[in-house]
Amino acid sequence: MNALRLLITAGAAFYIAIFLVQVVQDGSLAGQALAGVVLLAVVAALTWMHDELALKRYETALLWVMVLGFLTYAAANAAGVLA
């Protein structure tokens, strides 16, 4: 499991670097990049937890946040709020 944790952490660091490069290229993406960095940091931090019950709860909560986020995006897009 230790190699998997390191790979997830390395992947998160790689994508955080990509977010930062995108912000340097286009400053208007700062809010989106910040949200991406926070989510990646949370997901990477979850892999380092040792309490299995807390990990399960946090993973479930994060999964529902993502599902509800996609649902909200789809509803806003269907309603014409987003172009």
To the nearest 0.5 Å, how far apart are [atom1] in [X] and [atom2] in [Y]?
X   : Y   : atom1 : atom2 : result
R57 : L46 : CZ    : CG    : 14.0 Å
T72 : N77 : OG1   : CG    : 12.0 Å
K56 : M49 : NZ    : CE    : 14.0 Å

Establish whether [X] and [Y] are linked, either directly or via other cluster members, by ILVMFWY side-chain heavy-atom contacts under 4.5 Å.
X   : Y   : value
V43 : L55 : yes
L40 : L62 : no
V37 : L39 : no
L20 : Y15 : yes
F14 : F19 : yes

>> With side-chain contact (heavy atoms from CB on, under 4.5 Å) as the criterion, how do V23 and L34 come out once you've worked through the C-alpha distance, each side chain's angles and the decisive distance to 0.1 Å?
In response: CA-CA 9 Å; V23 168; L34 178 63; over 6 Å; no
> Going through the distances and angles, do T47 and L4 end up as a side-chain contact (heavy atoms from CB on, under 4.5 Å)?
Replying inline: CA-CA 9 Å; T47 63; L4 184 59; over 6 Å; no
> If you draw a 6.0 Å radius around CH2 in W48, do more than 12 non-hydrogen atoms from other residues or ligands fall strictly inside?
Replying inline: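 Correct, the count exceeds 12.
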